Structures are given as C-alpha cells and as structure tokens.
Amino acid sequence: MCYGFRPSRRSLLAAGLGLGAAALAVTPGAAAATPGPKGKRVPPGQISMQLWTVRDDLNQDYDATLKYLAKIGYPRVELALGYFGRTARELRGFLDRLGIHATSSHDGISPDDAALETKISNAVTLGQEYIVVPFLESDSLDQWKAWAERMNVEAEAARRAGLHYGYHNHAHEFTTDLGGGTTPWDVLTSELDPKLVHLEIDIYWAVTGGVGRGATDPVGFAIDVIRDAPQRVLQYHVKDRHLDGDMADLGTGTIDFRRVFRAHRVREYIVENDTPDVTPLRTSQVGYRYLKDLRY
C-alpha cells in the first residue's frame, strides 16, 4: 500500500537502465516459468488481497467487489480505506457470509491512547491476526526514533489483545540518509522490539530499494533485508516489477519470487499492485492464480 511515495515510470526506468537488466538477476517473464512438479507451494489458505489494489472498485461498489474476490477464491483480505459505512461488527458479519477473513489491516500510528484502544477493539471484533503500520516518511532521525518508540507502545497493547503488530516498508527506508549513512531501516530494525513488532516485507519495494542503493542483485538485497532483520517477517506484500521499474501483475515482471520464498516462508502472502496492468479486478485474479499455482 503506497501513501505519497510512488516513483514515476520515467525515473525508475532511468534507475533500471543505469544498472542494466542483469542487475535484477532475472529476465522478463522468468517469474512465470514452470519449475517442475516437486516444488513447495504457497498454501492457498495463506493467500490474501490488499484491498488498496481494488480501491477504485471498492468506492464504486464495495459489496460487489468483495463478492468478486470471494468468487476468485481469496480466503483472506488485508483491510484498507476504512469500513465503508459499516461498523467493525457489521463488516465482520458481511465478510463471514462471503467466507472471507479480514486477517490484517493497514492502520497508521494512533494519535492518542483512545484511538489506539478503538483500533485494537475493531481489529479484535473483525477477528484479525495483524495490525500493520503502512507508511512513515521523514528526513529526521529523531522522528524515526520517536515513531519506533510509539510503535513499541502500541505493539505491547496489541499483544495483550492477542494481535501481532507490524510495519510495512517502502523503498525510502533503505535510501534516505538520516545523517552519517544511517537510514530509516537502520533505526527501525534497531529500535523496534523484536518481541513485539514484526515486519510485513513488501518485496517490490525492497527490490526497488536495492535498485536505489545501487545493488548489483536487487532481489538478493531484498533477501538480505529479510534475513538480517532481528524482527520476524510474518507477512509479504507480493507484487511484481517491470524492467522499467513500474509495478506489474504477478508473473508478468522480473522479480524471482521463488528465490525469495525459498529463502524465507511467511504466514501470509498478500497480493498487491498499486498500478494494475489492465484492471484491478483482473490483477486480483491473476495474482491469486499465480500464487496458487507457483512451485518454488
């Protein structure tokens, strides 16, 4: 899910061409190749959809959009953009009737303790497992430290309610210099309590961060991010990347997801594409089928 940080196709094309196609360590279409029948599979019950992908459809007809996702086969969704006129209890009833479980949500840091209590109460009512902070951005080292301190407080409250509390990355956490070469990712991974806060790694943005850092192997950079973090990586945002740097529907881009999944398996694989190649609903269908059929 992206809030105010979306590189243009032209700027990412320049970055990609500056490194050369080999820097992505894959070729276009490689992610869609068939590796053979013996590979591991993403459990279908762990496939989810980030609703930000279908935001335009939700605004036109929320109920029809969720019914379509259920028809595709999605057992889970990650909530975004609110409840569209329903209370948490009403939304839970609607999703239960569709056979979809809202396991996660993107919710910013709460402005006060009362708002935090409401956020946690709603998540419990919906039967969520996760609450995830979707986006933070600042050039201030002190601001990032303050955010990490507050997230630890919120995560402790979430833990008491039986919830996992996480952070979702973009690319700027790896590329912003806060002084002396320290990045926001350095602050987060050193300050967030690994016993309380997990990571929801957005694979596209981690790869893009690698490109921005000049990594010769951006997919390897993303894998190192996952392996090196003291926090547990429990969720993935899975969206592909065209050679020019734009987001791609799963299986149509350059990211070798098999390599990432072999390096680290998670509890939830969340399909997302902020800029669907055809239509958001088509992106949803392509993403579900890709993950369901993938062998790694």
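Just so it is clear, the model here is predicted, and its values are computed rather than measured. Values below: all heavy atoms of this structure, side chains included; hydrogens, waters and symmetry mates excluded.
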Counting N and O atoms only, with roles assigned by atom type, does the side chain of [X] sit under 3.5 Å from a partner on the main chain of [Y], one being a donor and the other an acceptor?
X: Q50; Y: H237; value: no
X: N169; Y: D202; value: yes
X: H164; Y: I131; value: no
X: H170; Y: G209; value: no
X: T182; Y: L178; value: no
X: D56; Y: T279; value: no
X: R55; Y: W52; value: yes

Please answer: with hydrophobic residues joined when any side-chain heavy atoms are less than 4.5 Å apart, are [X] and [Y] in the same cluster?
X: V233; Y: V207; result: yes
X: M49; Y: Y290; result: yes
X: I72; Y: I270; result: no
X: L126; Y: L98; result: yes

**Request:** Indicate, with yes or no, if the rings of Y236 and F257 have centres closer together than 6.0 Å.
**Result:** no

May I ask you to say whether [X] pairs ionically with [Y], meaning some side-chain N is under 4.0 Å from a carboxylate O?
X: E154; Y: K119; result: yes
X: D193; Y: R159; result: no
X: E149; Y: K145; result: no
X: D63; Y: R86; result: yes

**Request:** For the residue pair H106 and H168, confirm or rule out a side-chain donor-acceptor distance under 3.5 Å.
**Result:** no

**Prompt:** Taking the six-membered ring for Trp, are Y269 and F261 parallel (under 30°), tilted (30 to 60°) or perpendicular (over 60°)?
**Reply:** perpendicular

